[in-house]
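To start, the structure under review is shown below, and the notes come after it.
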Amino acid sequence: EISACLVGSEMCIRDRGLLAHYLPSVFEGRAALDPFEASALRHAAIVVCTGAWMRETVAKLGVPPERLALVEPGVSEAAKMANPSEGAVTALLVGTVTRRKGVLELIEALRSSPPAQPWRLEVLGDCDADPQYAQACETASAGLPIAFLGARPPAEALGIIARAHVLVSAASIESYGMAIAEAQACGVPVLARRGGHVAQLVRRVPSGKVVDDITTLVAALHRYVAGRGHLADLREISRAHRPKRTWDDAAAEFRALR
């Protein structure tokens, strides 16, 4: 919780903690933090980070170790394993349809080099955050087996994740990667583009794969579509190693910070 008051141009945060999940200046590649972000980090009694990458990032911004804490999110106890959809191999991208999520890059790469075997890409997430970008994504997807599912309630979203053959993350950077964590909890293999906390999160389940760019991601997706048997093997590995950390676990760690 942030309790802020403006004193001239200076923001003061007194006796409160800051949950550092998203710093716009960092994610947008700016050379320096804006004054609001800098003041929040400088004055917060404690800065709680959601992942090791964000903790390292905040430390580099000058927050001393004694004011830093790490509490990773849990996953929904409603996450259940399910059999994948019949027919075409379904790749699922979960996230708000914005530039940072790499949706348009992925669609354009798939248009240039579509898999030869039957495939389908589903995009699960809000399309209203950047309507112009979302419209560009829909236009680019014309004629391809791509469906925009929009935002769905949590339980329904988990069901969609559980039925996918593979979760694809095309984001350029993630502070944590909740969609990846939920897919892991559902026993679904993950194919992800490197950026932020992604590699650290994906490697906790040995079925996951991290690549450096969209072109390599699409090439890997081609292999998955062509090798359903391999995908089935990855699913068994995912199920055997799925994380079981709950939100109650996260809440207990958060309470212990007091």
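This chain uses plain numbering: 1 for the first residue, then up along the sequence.
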Does [X] share a hydrophobic cluster with [Y], counting links as ILVMFWY side-chain heavy atoms below 4.5 Å and allowing steps through other members?
X	Y	answer
L257	L19	yes
L121	V89	yes
I146	L124	no
V168	L149	no

For this session: List for me each residue that meets salt bridge (Lys or Arg N to Asp or Glu O under 4.0 Å) alongside R55, sequence neighbours excluded, and say none if there are none.
Result: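 Once residues adjacent in sequence are excluded, R55 has no partner under the salt bridge (Lys or Arg N to Asp or Glu O under 4.0 Å) criterion.
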
Above 12 or not: heavy atoms from other molecules or residues under 6.0 Å from [atom1] of [X]?
X	atom1	answer
K60	NZ	no
Q132	CD	no
R99	CZ	no

Problem set entry | Polar contact flag, side-chain donor to acceptor under 3.5 angstrom, S112-E108 |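 Absent: no donor and acceptor within the cut-off.
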
Problem set entry | Donor-acceptor contact below 3.5 Å, side chain R163 vs main chain G159 |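 Yes, because the side chain of R163 sits within donor-acceptor range (under 3.5 Å) of the backbone of G159.
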
Exercise. Taking 4.0 angstrom as the limit, do E174 and R100 come out as a salt bridge?
Worked result: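 R100 and E174: salt-bridged.
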
Exercise. Below 4.0 angstrom, N of the basic side chain to O of the carboxylate: do R245 and E253 qualify?
Worked result: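 Salt bridge between R245 and E253, a charged N being under 4.0 Å from a carboxylate O: yes.
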
Problem set entry | Pair listing, ring pair (Phe, Tyr, Trp, His ring centres under 6.0 Å) test, anchored in residues 171-195, at least two apart |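 Of all non-adjacent pairs touching residues 171-195, those that pass ring pair (Phe, Tyr, Trp, His ring centres under 6.0 Å) are Y176-H197.
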
Can you find a pair of side-chain heavy atoms, one from [X] and one from [Y], that are under 4.5 Å apart?
X	Y	result
T90	P84	no
R242	M81	yes
S207	E236	no

